[in-house]
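In what follows, a structure is listed as structure tokens, so that the remarks can point back to it.
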Amino acid sequence: MNAMVSDTTEVEPEDVDDEALTFVLSNESQGEVARQITTAGMATRLPRLMREALALAWRVDPRLVVALLLCQLVSAVCGAFGLLATNSTITALIASGHITARLQQALPAVAVLAGMAGLRALLAIAVSGLSSRLQPAVTRLAQYVQLEAATTAELAAYDHPGFNDRWDLAGQGAGFVADMLGEVQNTISSAASLVAAAVVLAVINPWLLPLTLVAAIPQAVAAIRSARVQYEAMLSTRDQRRVMNLLRWYMGDQWQADQIRSDTIAPFLLGKYSRAADDVEQATNRAVWRGARISLVGSLASGMTFGTVWAVLALMLSAGWIGVASAGTAVFALQQASRSLQGIVGYGAAIFKDGLYLDHWSDFIAECEAMRMHRGTVAPETPQVIAVQKASFTYPGKDEEILHDVDLTIQQGEIVALIGENGSGKSTLMRLLCGLNLPSGGQVTWDGVDTRDMDPLALWRQVAVVPQKFACWPLTVRENIHLGQPHSDGDDAVWEAARATGADEVVGSLRSGLGTLLAKEFWGGKSLSAGEWRRIAVARAIYRKSGLLVLDEPTSDLDPAAEHRIFTQLRTSARGRAVILVTHNLANASVADRIVCMKDGRIAEAGTFAELAEKEGGVFSRLWALQNDRHIPGPRYQR
Ligand SMILES: Nc1ncnc2c1ncn2[C@@H]1O[C@H](COP(=O)(O)OP(=O)(O)OP(=O)(O)O)[C@@H](O)[C@H]1O
């Protein structure tokens, strides 16, 4: 056996006490929400949730909401008239006299009964049609509001712990809005129907109404307890379900697909997935059994309480407190009241459950709202001087300051290279220069104006950035370069930018030239290699008529020819703008007029390439020496 190869016998991964994935959701404790699932808690939360769902629907189309509510109201009134007509029908039918005469007498009431039933059926169709129009529109609005809230928040919002998780949950919440609206509408319909039955019961005998309400209590309590059990199970398995989602995403994504195979990591990941799924399954099963037991007890108790109401009704009839016709009508009214109460409790519990998701949505919107960009209104021109003065920066939710007292000035037409070890703060400083983040202390100014006082969109129109991880939009090549902001000279400027980076060679080989869709193959597009994408991304920055061009490792995926082309073009690109080049390839920094070296969030030194390379004990000279510590090897392989 080769002595250099260590023992590779596979063992089971140890169950060490490492950190586990945890998901930071909102500030509000989810346990606190679960505790609110009590009858009193529901009584206060339910109206608020219903108001929120209706408010969203109102924003979509107030006329539709009014029409829906009117339909429910008219339907309830029809129900009440129907019940009263039942009373008249029974009275006519049990009166003394010949059956034909009695039938004739009952005819008008029967006609009212049939008319009301027909009208209610028509109204139900209208309600269903109106809801079908309203529900998708409400989902669309909720999703739009979420997208708008996220894109108009400060970039720093994304650095808040758990932001992405809350984004996901808010998306799920937006998906539940339509369901909730349906449930709200059914609750209102049940409530209207209950009111109609209650009015009739109160007319027959005032005691019947409170009795019916009391009879519904066991069922209501059981429904609330069951909702609580389900929600607690959902909470207790929340992290496991998120782990499952995450693993599903990682295992299905093309980016990792090759490594899943070459690293033979699939069994390990599948094991993690199965363990999380087992936990979820066990907790869900326990909740299902507990829920079933609660429902069974609730149904038994409810059977007994409603049985008591029927017994009271029979007693009233035998004691002569109510007539036969009224007793018959009361039977119908009681059935309607009981169905309506069941509806209110059932739909109310569903609103409560879906409302927990809607809360994720509204919390997220509120969080973004609190982080909305409230800056000034100054629209900058192409800057002559960009200055960083005593700037410091701390990421939200973190204690550690990342940048400390940074001072830096960049002139128009100047190329400044930012270099430094990993984590020294180069990308963070770059984001402050662009106004993507605002400094926690000190200031960044463009021609003397603080970036805090500028209109952010106007500022970013003056900025072109190629970040390390740039976006590969599923758009055509042309759109990927002009980003939906084409210049008036059409494709000429697009081609010019493409030529500056070698993207023109990529476009030349594509089936529809600039019009080729750059999306993954399974979306019907053309997949590009990493380096080909990089050429497009740099071309898009050169295309922008910006006063500040920022290139963060712009050539990391490029072959030497493409890299050479970009760097020889950079001086031309720098005309009339300031250029920041963030790079670890120190040879490329030679293109810069000035090199700024960062260390531990501070500017350690600055100067020309020659000055820094020769500086004894300097950061740059040390890194430069390390980067050049390679020799072209002679033959090494010996038999
Ligand atoms: N979104 C973030 N939230 C919290 N901390 C962050 C975030 N982004 C970066 N950091 C931290 O800030 C420090 C500086 O990161 P930055 O990306 O600016 O370094 P860099 O010099 O560009 O590194 P590299 O050369 O590796 O790209 C790092 O310690 C990093 O952990």
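First listed ligand is number 1; within each ligand, the first listed atom is number 1. This one's a predicted model, so the numbers in the text were calculated from it and none came from an experiment.
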Contacts satisfying ring pair (Phe, Tyr, Trp, His ring centres under 6.0 Å) that involve residues 569-618 (not counting sequence neighbours) are Phe609-Phe620, Phe609-Trp624
For residues 537-565, pull every pair meeting ring pair (Phe, Tyr, Trp, His ring centres under 6.0 Å), keeping only residues two or more places apart or in separate chains.
His487-Tyr543
Evaluate whether atom CZ of Phe567 has more than 12 neighbouring non-hydrogen atoms of other residues, nucleotides or ligands under 6.0 angstrom away.
yes
Any carboxylate oxygen within less than 4.0 angstrom of a Lys/Arg side-chain nitrogen, looking at Glu605 and Lys599?
no
Salt bridge between Arg372 and Glu369, side-chain N to carboxylate O under 4.0 Å?
yes
Strictly by salt bridge (charged side-chain N to carboxylate O under 4.0 Å, His left out), give each pair with a member in residues 575-591 just once, sequence neighbours left out.
none
Using a strict cut-off of under 4.0 Å between a residue heavy atom and any atom of ligand 1, list the qualifying protein residues by chain and number.
Asp159, Tyr395, Lys398, Ile402, Glu421, Asn422, Gly423, Ser424, Gly425, Lys426, Ser427, Thr428, Gln468, His584
